[in-house]
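Not measured: the values here are computed from a predicted model. Every chain is numbered from 1 and lettered A, B, ... according to where its sequence line falls, protein lines coming before strand lines.
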Amino acid sequence: MPYQRLPYLYDVLPDAPPRDPWLSTARWRGMENLFRELARRFGYREIRTPILEPAELFTRSIGEATDIVSKEMFLFTDRGGRLNALKPEGTAPVVRACMENGLFGEPALHKLYYIGQNFRYERGQKGRYRQHQQMGVEAFGSTDPALDAEVIALAMTFFTELGIPETTLHINSLGTPAERAEFRQALRDYVKPHLAAMSEEARMRFEVNPLRMLDTKAERDLQMLEGAPTLLDYLGAESRNLFEALQQMLGALGIPFVINTALVRGFDYYTHTVFEIKGSGLGAQDALGGGGRYDGLVQECGGPAMPGLGFGIGTERCLLALESLGIRGPEADEKPVAFVVLAGSTPELNQAAVQLLMKLRRAGIAADRDYQGKNMRRQMKRADDLGAQYLLILGEDELAAGIVQMKNQSSREQKTVAIGEVIEALMSEPRRE
RNA sequence: GCGACUGUAGCUCAGUUGGUUAGAGUGCCAGGUUGUGGCCCUGGAGGUCGUCGGUUCAAGUCCGAUCAGUCGCCCCA
């Protein structure tokens, strides 16, 4: 094989390999369609940003010390000497685009959604790839916890309508940067005497990102952290009120959640609300999606004071979750409605078929035929494999009489229809939903 | 970046303690059968056994290296 795809990437195909049914374009499109429809229902409008951004956009917004920035970005210098990055996440580019196009000049609320590719140079495994797709939303211009609840509700509704039965919503509040800094110090003070007995990993995090110490699986670390202060103890009255208001909203919406004080997330820009939705059947990767509030991000990027929040849902992980549950999920229809079968091989018949097909297609009916001169039996087999609903059989006799035989593939009923009335006949027949 | 496991037709896989020309199912192509199929029957194409090297009279099988994949650590979607 002369070429192969780069490591930890994948191809999505019209017919997915049996081992990986999730690599099917019909399934991808079905999921994307559901997301678009849902975003519209919630009042979000689409935004598309380039895959390439100046690298600095991410180092500034996500944070220099985070793993994503320090070791996972796809970087290259272009011919103009600029340092570019393939975007590792979707939020910063949206913020950049909004600033650059003047959306923040008006005081309006902006509710945006996107479906886009992110790139991270990581070692792959189940549910983790170097290019992955996120379906996400961003909402700017309000600190009302009702908006937090709406964003979370949108994500949860997506999982429900997809048909994923068991997801768990984890929420936490990171408070303001000042509150977080105070907590960080308190946590350090608490941990310091025990540090020698803790894992190497915890000792590393102690220096670089102490909050991440909480998010450990190591038994001895968990024991040490048992009596540690939690971030919630360090929230001021205002932050506390926001978090409680959110919980009430979620309760009023009937959305169950658990408060997870270890939920910290990997971006520095989060404030107040953070959340993650966990599923099952994903191997070591259990997060289907996550997000949070970032009230300081726009300013950090050089824009006005503009609160915001959003989430990203991993398309691959949702597809994988459905697969492990044995659920097909929504699938875009790629099957033809009609398949023209030629009984005979004269040039006249061939031309009549070409014209008939074009007429169907102009009328908006998905239609196809064989071009390999197969006999009638194999043409029909082909129609069958493609899942066509109707056969339009055209032979010398029909051509002479100006008719076709129209055969319903499921009922096997066949009737004669004038060529001029094929469209009407198909339109009046029951069609696939 | 670290670790474990796995590489044999397009796909899913067999292949015995190392032994002659590497198999099956499925898919593909053709014929039976270009005027009514979704079956069935017959035939065919398709493999440098991931790659390179080593051990041996003999390697798909054993050893080493390498490449790739998968899963896990880490991180997150």
Point to revise | Expected output: side-chain N172(A) to main-chain L263(A) donor-acceptor under 3.5 Å | key: yes

Check your understanding: Hey, does P17(A) reach any base, or is it just sugar-phosphate, or nothing, if we go heavy atoms under 4.0 Å?
Key -> nothing

Exercise for review: Examine the base of U70(B) for any acceptor or donor lying under 3.5 Å from a partner atom in the side chain of K126(A), and report the outcome as yes or no.
Suggested key: no

Study note, to complete from the structure: The nucleotide from G69(B), A77(B), C28(B) with an atom nearest the side chain of D385(A) is C28(B)

Check your understanding: Base, sugar-phosphate alone, or nothing: which one does G127(A) contact when heavy atoms must sit under 4.0 Å apart?
Key -> base

Review point. Does the side chain of S61(A) come under 3.5 Å of the side chain of E300(A) through a donor N or O and an acceptor N or O?
Key: no

Exercise for review: Test for a donor-acceptor pair under 3.5 Å between the base of G38(B) and the side chain of R378(A), counting only N and O atoms.
Suggested key: no

Exercise for review: Please check if any side-chain donor atom of Y44(A) sits under 3.5 Å from a side-chain acceptor atom of E138(A), or the reverse.
Suggested key: no

Revision key, fill the gap. Applying the 3.5 Å cut-off to both distances, the Watson-Crick or G-U partner of U61(B) turns out to be none

Check your understanding: Which one, A77(B), U34(B), G35(B), comes nearest to the side chain of Q405(A)?
Key -> G35(B)

Exercise for review: Find the partner of C13(B): check Watson-Crick (N1-N3 plus N6-O4 or O6-N4) and G-U wobble (N1-O2, O6-N3) distances, both under 3.5 Å, and reply none if neither fits.
Suggested key: G23(B)

Study note, to complete from the structure: So the salt bridge (Lys or Arg N to Asp or Glu O under 4.0 Å) pairs with at least one residue in residues 281-296 of chain A (sequence neighbours excluded) are D148(A)-R293(A), K278(A)-D286(A), R293(A)-D295(A)

Practice item. Could you tell me whether the side chain of E122(A) has a donor or acceptor atom within less than 3.5 Å of a complementary atom in the base of A77(B)? Key: yes

Check your understanding: With a distance cut-off below 6.0 Å to the six-membered ring centre and an angular limit of 45° from the axis, does R382(A) pair with F339(A) as a cation-pi contact?
Key -> no

Review point. Is a donor-acceptor pair below 3.5 Å formed from side chain R317(A) to base C76(B), judging by atom type as modelled?
Key: yes

Practice item. Can you tell me the distance, in whole Å, between the CZ atom of R120(A) and the C1' atom of C74(B)? Key: 14 Å

Revision key, fill the gap. If pairing means Watson-Crick or G-U wobble with both distances under 3.5 Å, then the partner of G43(B) is C29(B)

**Study point:** Euclidean distance for C1', A59(B) against U20(B) (whole angstrom)
**Key:** 14 Å

Review point. Where each residue is assigned the nucleotide of RNA chain B containing its nearest heavy atom, which of E276(A) and Q125(A) is assigned the position nearer the 5′ end?
Key: Q125(A)

**Study point:** Euclidean distance, atom CG of residue N118(A) to atom P of C76(B) [Å, nearest integer]
**Key:** 14 Å

**Study point:** Nearest-neighbour nucleotide for the M380(A) side chain, U34(B), G72(B), U36(B) considered
**Key:** U36(B)

Check your understanding: What's the CE-P distance between M406(A) and G37(B), to the nearest Å?
Key -> 19 Å

Exercise for review: Indicate, with yes or no, if the rings of Y129(A) and W22(A) have centres closer together than 6.0 Å.
Suggested key: yes

Review point. Is there a side-chain polar atom (N or O) of R212(A) under 4.0 Å from OP1 or OP2 of C76(B)?
Key: yes

Exercise for review: Scan every strand shown for a Watson-Crick or G-U wobble partner of G69(B), both distances under 3.5 Å, and answer none if you come up empty.
Suggested key: C5(B)

Practice item. May I ask you to verify whether the side chain of R19(A) and the base of C13(B) hold a donor-acceptor pair under 3.5 Å? Key: no

Check your understanding: Rounded to whole angstrom units, what separation is found between the CG atom of N375(A) and the P atom of G38(B)?
Key -> 12 Å

Check your understanding: Would you say R265(A) reaches A77(B)'s phosphate, i.e. side-chain N/O to OP1/OP2 under 4.0 Å?
Key -> yes

Point to revise | side-chain N/O K374(A) vs C29(B) OP1/OP2, d < 4.0 Å | key: yes

